[in-house]
Amino acid sequence: MLLVVGFALVLIRDLFAVAMLTGIYSLLSACFFMLQDAVDVAFTEAAVGAGITTILFLATMSQVGRTERKPKNKPWFAIGLCSLVAALLVYASFDMPDYGDPLAPVHQHVAPRYTETSPNEVGPPNMVTSVLASYRGYDTLGETGVVFTAGVGVLLLLGPGLRRRYRRDLPAPKDGKKHAE
Amino acid sequence: MSAYFNYWAVFALMLLGLYATIASDNLVKKVVGLNIFQTSVFFLFITMGKVGGGTAPIADSQYTLYSNPLPHVLILTAIVVSVATTALALALVIRIRESYSSIEESDIQAEDEAQP
């Protein structure tokens, strides 16, 4: 399912349809996360991925137009590079542990400690919450920094001051409405 | 075979994203490709965190086997970061469109070469 939507995303040239399909893609990803026991991730993906990302794409589309031109030459370089990477990845996948194997190296190091002691040590029964807010709190702090930086960047790029300065020596764009994000 | 099916599906998505990022001329389409690539990495992490027969990592007296909570935490962070990068990329696309009045890469390059 996900793969089909992914292919459609790459092949369709109408960008409005692409924006709508990203929403469907995110929703399917949320279902996949649910099936893999990652309920918190599914929440976040459904809210942030399906909601905010789609809105961002739609807002951009209202500014830049909604059709993509057909490329002139076949992208042989990209096809070759992708086949090469595909071969390498499949070769590497034979070293991976089996899917769902409880003895895989990922589950041996710190994960048992989190699952066994975090409900008593931190409090909430949801282990993802305890790890996110307590054991790996600095990660979350860094994430806040990244989001802040992105917000400042978007404001600097689309803020009123810069636009006025550029407007003077450039021909006005055809649909130069103010962008709300 | 089924042991690797999830990994291969993830790889297919990853390559799809890579292809869209390299091959498409349209900048918005490139951002979409980048998004597909990012989600494929999320799938890889979550797949590795799954324990067969385990349940969601929420403590309950009825269960003893849980999936690994650590990849879930990392991916929670990564999803939010991916939205931040998407927002920044799309803001850049809008600015490029204002300066060049096109978001097709070949047009932008032609315009750059026309007026040094």
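The figures that follow rest on heavy atoms only: side chains count, while hydrogens, waters and symmetry mates do not. Quick note on labels: first sequence line is chain A, next is B, and so on, each numbered from 1.
Contact record, A:Ala150 with B:Leu88: O-CD1, 3.7 Å, taken as the closest heavy-atom pair.
Looking at heavy atoms from C-beta onward, A:Phe43 lies out of side-chain contact with B:Leu76 at the 4.5 angstrom threshold. You'll find the side chain of A:Val147 stays beyond 4.5 Å of the side chain of B:Val81, heavy atoms only. No side-chain heavy atom of B:Phe11 sits under 4.5 Å from any side-chain heavy atom of A:Val85. Taking the side chain as every heavy atom from C-beta outward, B:Thr47 and A:Phe32 approach each other to under 4.5 Å. Counting heavy atoms from C-beta on, the side chains of B:Leu92 and A:Leu157 come closer than 4.5 Å.
In this structure, the portions of A:Ser93 lying under 4.5 Å from any heavy atom of chain B include both its backbone and its side chain. The contact between B:Leu74 and chain A is made entirely by side chain atoms (from C-beta outward), counting heavy-atom distances below 4.5 Å. With a threshold of 4.5 angstrom between heavy atoms, A:Leu89 approaches chain B through its backbone and through its side chain.
The distance from the OG1 atom of A:Thr60 to the CG atom of B:Leu27 is 11.5 Å, given to the nearest 0.5 Å. Atom OG1 of B:Thr39 is separated from atom CD of A:Glu45 by 7.5 Å, given to the nearest 0.5 angstrom. Between atom CG of residue B:Leu16 and atom SG of residue A:Cys82 there is a gap of 8.5 Å, rounded to the nearest 0.5 Å. Between the CG atom in B:Leu15 and the OG atom in A:Ser83 there is a gap of 8.5 Å [rounded to 0.5 Å]. In this structure, A:Phe57 CZ and B:Leu90 CG are separated by 5.0 Å, a value rounded to the nearest 0.5 Å. Expressed to the nearest 0.5 Å, how far CZ of B:Arg95 lies from CG of A:Leu156 amounts to 11.0 Å.
Counting non-hydrogen atoms of neighbouring residues, nucleotides and ligands closer than 6.0 angstrom, the CZ atom of A:Phe94 exceeds 12 such neighbours.
Cluster note: A:Leu141 groups with A:Tyr138 through ILVMFWY side-chain heavy atoms spaced under 4.5 Å, whether in direct contact or through intervening members.
In terms of non-hydrogen atom pairs under 4.5 Å with chain A, the most contact-rich of B:Ile22, B:Ile46, B:Leu18, B:Asn35 is B:Ile46. Residue with the most contacts toward chain B among A:Val90, A:Thr53, A:Asp139: A:Val90 (heavy-atom pairs, distance under 4.5 Å). Comparing B:Val83, B:Val93, B:Thr21 by heavy-atom pairs within less than 4.5 Å of chain A, the highest count is held by B:Val83. Options B:Val73, B:Thr85, B:Val28 differ in how many heavy-atom pairs under 4.5 Å they form with chain A, and the most are formed by B:Val73.
Under a hydrophobic-cluster definition in which Ile, Leu, Val, Met, Phe, Trp and Tyr are linked whenever side-chain heavy atoms come within less than 4.5 Å, directly or via other members, B:Val80 and B:Leu34 are assigned to different clusters. A continuous path of hydrophobic side-chain contacts links A:Ile24 to B:Val31 [ILVMFWY only; heavy atoms under 4.5 Å]. Cluster annotation: B:Ile36 is connected to B:Trp8 through the hydrophobic network of ILVMFWY side chains, with a link wherever side-chain heavy atoms come within less than 4.5 Å. No path of Ile, Leu, Val, Met, Phe, Trp and Tyr side chains, each step under 4.5 Å between heavy atoms, connects A:Val18 with A:Leu27, placing them in separate hydrophobic clusters. Hydrophobic clustering (ILVMFWY, side-chain heavy atoms < 4.5 Å, transitive): B:Val41 and B:Ile75 are in one cluster.
Using a 4.5 Å cut-off between non-hydrogen atoms, the part of residues 33-42 of chain A that approaches chain B consists of A:Phe33, A:Leu35, A:Gln36, A:Asp37, A:Ala38, A:Val39, A:Asp40, A:Val41.
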